[in-house]
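Just follow the structure's listing: the first ligand is 1, and inside any ligand the first atom is 1.
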Amino acid sequence: MNKNIGIGFRKDFAEEFLSSDILHPAFVELAPENWMGIGGYWKKIIQQVAEKYPITSHGLSLSIGSPEPLDWEFLKQVKSFLKEHNIQIYSEHLSFSKCDNAHLYDLLPIPFREDTIKHVAERIKQVQDFLEMKIAIENVSYYTPVAAEMSELEVINAIVKEADCNLLLDVNNVYVNAFNHQYNAKEFIKGLPLDKVSYIHMAGHEQVEPDLIIDTHGQDIILPVYDLFDYTTQRVRSVPVLLERDINIPALEHLQSEMDKLVEITNNHWKIDYANSKRHIPAAV
Ligand SMILES: [Fe+2]
């Protein structure tokens with residue numbers, strides 16, 4: 001039984017995924033940017049995916065922390081894409097990736113400051129009003145804070161409260177940040193607005209130096225991150241959980257075995273089975 005565990009959909013395994021029954025996620029997540037406005041072969045693929053599975057979406061380029069105005073043309077495309085595929089969940093990173101018209105091709109942490117809280121919360125509210133749904137924002141991994149005047153926890157709590165949005169809790173990102181910045185991951189999770197967690201990400205990372213981990217999404221999930229997930233599931237309600245694997249993709253059987261481990265942990269703490277109770281996972285509330 002695959003209780004509410006999904007997989008990040010990748011073109012690398014699209015054909016095998018659709019033609020075999022090796023991977024059986026409760027839902028698939030994709031980045032709208034990679035699929036909006038496409039035609040031909042890949043359009044057919046996404047239609048097949050939508051027929052078979054509920055889809056959730058995780059954006060890459062909204063750049064909610066940028067100083068310049070929101071890209072409304074882009075948001076219009078996102079809105080019609082969500083509608084076209086009946087996608088009820090849209091999440092984005094608590095970061096910025098554009099500045100002064102320059103695309104930085106990276107998800108940089110927002111400055112941990114009072115003025116950022118107001119700015120970002122206002123933009124989240126605008127996005128939510130426009131999309132007519134709550135969105136979830138994700139805690140990102142970062143390697144150095146930018147102009148920080150307060151803690152990341154204070155900023156996340158304040159933004160989620162002010163914007164009245166949901167939180168996508170990336171458990172691996174908490175582990176990576178806690179390791180790199182030397183704080184206690186469990187204490188961090190305990191300090192988050194856990195009643196607002198509407199979605200969870202799990203992934204692997206790579207330790208490149210004795211004191212540095214890079215958030216690659218290219219390795220297996222390690223035991224301490226499973227432990228942190230176990231700790232998390234005891235403190236949040238049952239929500240969709242996604243296995244993210246972006247590079248160095250193993251055999252599908254292997255991905256399924258990682259999803260099975262997530263199922264096992266959630267079975268210990270969560271009772272609702274989205275995969276078998278209804279066709280669509282619940283919209284973020
Ligand atoms: Fe993530």
note = Among N, O or S atoms, Glu244 approaches the Fe ion (ligand 1) most closely through OE1
message = Looking only at N, O or S atoms, which one in His201 sits nearest to the Fe ion (ligand 1)?
response = ND1
ask   = Distance only, no hydrogens: is a donor on one side chain within 3.5 Å (strictly under) of an acceptor on the other, for His205 and Asn172?
value = yes
task = To the nearest 10 degrees, could you say what angle the Fe ion (ligand 1) makes with OD2 of Asp170 and OE2 of Glu138?
result = 80°
key: Side chain proximity check, Glu206 to Ile213, heavy atoms < 4.5 angstrom   = no
Plane angle bin for Phe13 and Phe9 - parallel if under 30°, tilted between 30 and 60°, otherwise perpendicular = perpendicular
query = Going by distance alone, is a donor N or O of one side chain under 3.5 Å from an acceptor N or O of the other, for Tyr199 and Thr56?
reply = yes
